[in-house]
Amino acid sequence: MDARIDASSRTPRQERYGTPVRLTDAQMQHYLTEGFVVLQSQVPPEVHEHIRNRCEEIFETTGNPGNDILEMNPVIQLIFTDPVIRGALISILGEDCFMYPHRHCHQNVSGTPAQRNHKDSYEDDINVHHHRSRWAMAMYYPQRVTAAMGPTGITPGSQYFSDPASLADLTEIGVEGDAGTVVIVHYDLWHRALRNDSGRSRYMLKFLFCRASEPTRPAWDNREVDWKTPGGRKGDAMEPLWDAMWRWNRGETVHRPVRADAEPAVEHLVSGPEIMRLRSAYMISPDTMASASNLFDLWRYEADDAEQRARTREYTNPCEHTIGYALGGLGAAGLSVLATALASEDWRIRGCASDVIGDIGLEAQSLAPQLVARLQDSSAWVRRNATEALGVLGSGPEEVTEALGQALGDADYLVGHNAALSLRKLGQATDDTIERLQKMSIHPELYRRKNALMALEVLLP
């Protein structure tokens with residue numbers, strides 16, 4: 001690999017051990033544009049050595065432990081209580097972010113060929129991509145990683161793209177660094193394990209983290225109000241998207257800044273390269289969207305294409321549409337169109353609308369009753385997206401948590417485990433719902449069970 005990153009000397013020491021070290025504006029800008037931030041844990045080297053040796057022992061005696069890696073190697077928990085790592089997670093996902101039950105220890109054995117470049121899906125789920133940071137993945141390396149050891153290859157700036165063709169002009173780089181390197185990546189960043197020719201196994205421990213509540217103020221060490229495009233990136237087609245992500249993470253109400261660029265037409269959302277469609281999605285005005293008589297015709301056209309891709313390509317789904325990103329980027333100004341879309345005869349449009357309402361977040365709370373109604377939808381995709389969205393909109397009436405409680409037992413496993421995750425995020429439930437969660441805690445499906453237990457940890461005194 002010609003392009004590499006090294007974590008050495010990247011992390012400033014904290015003034016007082018135990019105080020989270022928040023990301024700087026420059027680090028947050030890097031995360032929003034490139035999709036990752038590289039950190040160096042301050043845990044002593046002997047701890048990393050212990051963790052690696054224990055990983056070796058586990059693989060030699062029992063094989064890959066999967067989700068049990070933390071229980072079998074509990075010292076790993078020190079990495080995520082380290083002020084540098086914890087501070088970065090808080091900066092990206094908020095003060096009350098939490099670790100998701102899925103985790104995995106990746107062993108890259110010497111001689112193993114490179115993986116195919118990919119995005120991860122939600123574990124035990126079909127991926128639903130989002131530009132806003134409500135999920136992040138932490139990759140921890142308990143040994144020094146060199147180019148020969150098959151480092152993780154990541155593609156900077158790829159997190160906003162779903163089409164592999166969009167990566168053609170991006171350069172993959174390998175994660176190298178000392179023991180204790182942690183790379184926090186946007187959950188949708190394209191990545192893979194590279195070929196290991198070192199004669200030694202390379203370990204990477206993957207942990208997922210979730211945002212529990214929507215941003216209402218910056219969670220990092222924010223000094224700048226306005227977005228500043230990093231040097232050398234001025235004029236990039238993605239600038240409108242980066243600016244929108246900055247303002248959302250600062251907790252600002254969504255609005256369209258006045259731009260000198262010519263405003264795109266609605267047709268630009270469904271034609272041309274993905275990068276230009278995304279640029280259009282973050283530049284189009286509410287008036288243009290609301291007045292477009294052909295909006296739903298274009299939306300059905302895009303849904304046809306998305307459904308076809310989902311049948312042939314992993315990590316895609318039929319409800320991810322650029323029109324959805326455009327409506328989500330309008331915030332409250334897009335709600336009237338989304339309310340209409342929820343009643344569409346096309347399940348793909350109802351599914352996209354349900355997802356987008358959740359992606360808007362707090363500004364879309366008025367549509368919570370319509371989302372509750374969609375929990376009875378004939379399409380599992382619509383129900384799946386509605387259950388996730390209700391957990392993002394924030395605390396609501398008992399009707400919301402009661403409806404999520406009933407969705408715990410949905411015949412579709414995606415709906416069931418999303419309902420439990422939403423109840424964990426909301427942190428509130430009726431007595432009946434708590435009883436249903438307790439029943440789900442012994443459910444045979446892994447993540448319906450794990451998410452129910454995670455919710456109960458928060459809901460029970």
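Note: hydrogens, waters and symmetry copies are ignored here, and every other heavy atom, side chains too, is used.
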Query raised in the report: Between Thr430 and Glu398, do the side chains contain an N or O donor and an N or O acceptor separated by less than 3.5 Å?
Result: no

Query raised in the report: For residues Asn294 and Glu267, is any side-chain donor paired with an opposing acceptor at under 3.5 Å?
Result: yes

Query raised in the report: Which residues satisfy the side chain to side chain donor-acceptor pair (under 3.5 Å) test with Thr322, sequence neighbours excluded?
Result: Arg277, Glu302

Query raised in the report: Tell me, do Leu39 and Val183 make a side-chain contact under 4.5 Å, heavy atoms counted?
Result: no

Query raised in the report: Which heavy-atom pair separates Leu404 from Leu375 by the least distance, and what is that distance?
Result: N-CD1, 4.3 Å

Requested in this report: Step by step, work out the side chain to side chain contact (heavy atoms under 4.5 Å, CB included) result for Leu269 and Met289.
Outcome: CA-CA 11 Å; Leu269 298 173; Met289 292 294 285; 3.9 Å; yes

Requested in this report: Decide yes or no for Leu335 and Ser366: does some side-chain heavy atom of the first lie under 4.5 Å from some side-chain heavy atom of the second?
Outcome: yes

Query raised in the report: Regarding Asp82 and Ser41, is there a side-chain donor-to-acceptor distance under 3.5 Å anywhere?
Result: yes

Report task. Tell me, with the steps shown, if Met28 and Asp25 meet side chain to side chain contact (heavy atoms under 4.5 Å, CB included). Result -> CA-CA 5 Å; Met28 195 66 180; Asp25 282 340; 5.5 Å; no

Query raised in the report: Has Tyr301 got more than 12 heavy atoms of other residues, nucleotides or ligands less than 6.0 Å from its OH?
Result: no

Requested in this report: Establish, from distance only, whether the side-chain atoms of His129 and Ser162 form a donor-acceptor pair under 3.5 Å.
Outcome: yes

Requested in this report: Could you give me the CA-CA distance, side-chain angles and deciding distance for His102 and Asn67, then say whether side chain to side chain donor-acceptor pair (under 3.5 Å) is met?
Outcome: CA-CA 6 Å; His102 173 69; Asn67 286 332; 3.1 Å; yes

Query raised in the report: So with a 6.0 Å cut-off around CG of Asp431, is the heavy-atom count from everything else above 12?
Result: no

Report summary line: CD1 of Ile360 to CG of Leu393, rounded to nearest 0.5 Å, is 9.5 Å

Query raised in the report: Nearest heavy-atom pair of Ala88 and Ile184: which atoms, and what distance?
Result: CB-CD1, 3.7 Å

Query raised in the report: Given the rule in the side chain to side chain contact (heavy atoms under 4.5 Å, CB included) test, do Met245 and Thr33 qualify, once you have shown the distances and angles that lead to the verdict?
Result: CA-CA 9 Å; Met245 294 306 106; Thr33 55; over 6 Å; no

Query raised in the report: Just how far is it from atom OH of Tyr187 to atom OG of Ser133, taken to the nearest 0.5 Å?
Result: 13.5 Å

Report task. Mind running side chain to side chain donor-acceptor pair (under 3.5 Å) on Ser213 and Asp96 for me, showing each step along the way? Result -> CA-CA 7 Å; Ser213 58; Asp96 51 358; 2.8 Å; yes

**Report entry** Minimal non-hydrogen separation, Ser354 against Ala389, with atom names
**Finding:** O-CB, 3.4 Å

Query raised in the report: Would Asp120 and Lys206 satisfy salt bridge (charged side-chain N to carboxylate O under 4.0 Å, His left out), going step by step from the backbone distance to the final call?
Result: CA-CA 11 Å; Asp120 280 7; Lys206 178 184 80 174; 3.3 Å; yes

Query raised in the report: Under the 3.5 angstrom rule, does the side chain of Thr288 hit a backbone N or O of Ile284 as a donor-acceptor pair?
Result: no

Requested in this report: Measure the acute angle between the ring planes of Tyr413 and His417, then classify it against the limits of 30° and 60° as parallel, tilted or perpendicular.
Outcome: tilted

Requested in this report: Would you mind reporting whether Phe207 and Leu205 have side-chain heavy atoms less than 4.5 Å apart?
Outcome: yes

Query raised in the report: Can you find a side-chain donor-acceptor pair between Asn108 and His106 that sits under 3.5 Å?
Result: no

Query raised in the report: Would you say Pro83 and Pro20 make side-chain contact, with heavy atoms under 4.5 Å?
Result: no

Requested in this report: Classify the ring geometry between His131 and Tyr160 as parallel (under 30°), tilted (30 to 60°) or perpendicular (over 60°).
Outcome: perpendicular

Report summary line: So CG of Leu408 and OG1 of Thr433: to nearest 0.5 Å the spacing works out to 7.0 Å

Query raised in the report: When the aromatic ring centroids of Phe36 and His30 are compared, is their separation below 6.0 Å?
Result: yes

Query raised in the report: Testing Arg22, Arg217, Arg86 for salt bridge (Lys or Arg N to Asp or Glu O under 4.0 Å) with Glu95, which one passes?
Result: Arg22

Query raised in the report: For Val266, does its backbone N or O pair with a side-chain atom of His268 as donor and acceptor, under 3.5 Å?
Result: no

Query raised in the report: Between Arg384 and Glu388, does at least one N-O distance fall below 4.0 Å, as a salt bridge requires?
Result: yes

Requested in this report: Compare every heavy atom of Ala353 with every heavy atom of Ala341, then report the nearest pair and how far apart it is.
Outcome: CB-CB, 3.6 Å

Report summary line: Here the gap from Leu189 atom CG to Ile154 atom CD1, rounded to the nearest 0.5 Å, amounts to 5.5 Å

Query - Between Glu274 and Ser166: side-chain donor-acceptor atoms closer than 3.5 Å - result: yes

Report task. Could you tell me whether Asp346 and Arg350 have a side-chain N and a carboxylate O separated by less than 4.0 Å? Result -> no

Query raised in the report: Do other residues, nucleotides or ligands put more than 12 heavy atoms under 6.0 Å from Gln438 CD?
Result: yes

Query raised in the report: Any chance the rings of Trp135 and Tyr100 have centres within less than 6.0 Å?
Result: yes

Query raised in the report: Is the Lys NZ or Arg CZ of Arg424 less than 6.0 Å from the centre of Phe98's six-membered ring, within 45° of the axis?
Result: yes

Query - Aromatic plane relationship, Trp242 with Trp227 - under 30° parallel, 30 to 60° tilted, over 60° perpendicular - result: tilted

Query raised in the report: ring-ring contact (aromatic ring centres under 6.0 Å, His included) with Trp246: which of Tyr282, Tyr31, Trp220?
Result: Trp220

Query raised in the report: Does Glu320 come within less than 4.0 Å of Arg309, counting only side-chain N to carboxylate O?
Result: no

Query raised in the report: Under 3.5 Å, is there a donor-acceptor pair between the Thr152 and Tyr141 side chains?
Result: yes

Query raised in the report: Does any non-hydrogen side-chain atom of Met204 lie less than 4.5 Å from one of Val145?
Result: no

Requested in this report: Please round to the nearest 0.5 Å and tell me the distance separating atom NE2 of His321 and atom CG of Asp355.
Outcome: 10.0 Å

Query - Enclosure of Glu71 CD (heavy-atom neighbours >12, cutoff 6.0 Å) - result: yes

Requested in this report: I would like to know whether Thr401 and Gln428 meet side chain to side chain donor-acceptor pair (under 3.5 Å); could you show each step before the answer?
Outcome: CA-CA 7 Å; Thr401 54; Gln428 61 185 66; 4.9 Å; no

Report summary line: Nearest heavy-atom approach of His186 to His130 is CE1-O, 3.2 Å

Query raised in the report: Shortest non-hydrogen contact from Met440 to Ala452?
Result: CB-CB, 3.7 Å

Requested in this report: Determine whether more than 12 heavy atoms belonging to other residues, nucleotides or ligands lie under 6.0 Å from atom CD1 of Ile442.
Outcome: no

Report task. State whether the side chain of Arg279 and the backbone N or O of Ala237 hold a donor-acceptor pair below 3.5 Å, judged by distance alone. Result -> yes

Query raised in the report: Between Asp412 and Arg383, is there a salt bridge with N-O shorter than 4.0 Å?
Result: no

Query raised in the report: Side chains of Thr155 and Glu172: do they bring a donor and an acceptor to under 3.5 Å?
Result: no

Report task. Could you tell me the separation between the CG atom of Leu32 and the CE atom of Met238, rounded to the nearest 0.5 Å? Result -> 11.0 Å

Query raised in the report: Are Tyr203 and Phe59 close enough that their ring centers fall under 6.0 Å?
Result: yes

Query raised in the report: Does the distance from a Lys or Arg side-chain N to an Asp or Glu carboxylate O, for Glu214 and Arg134, drop under 4.0 Å?
Result: yes

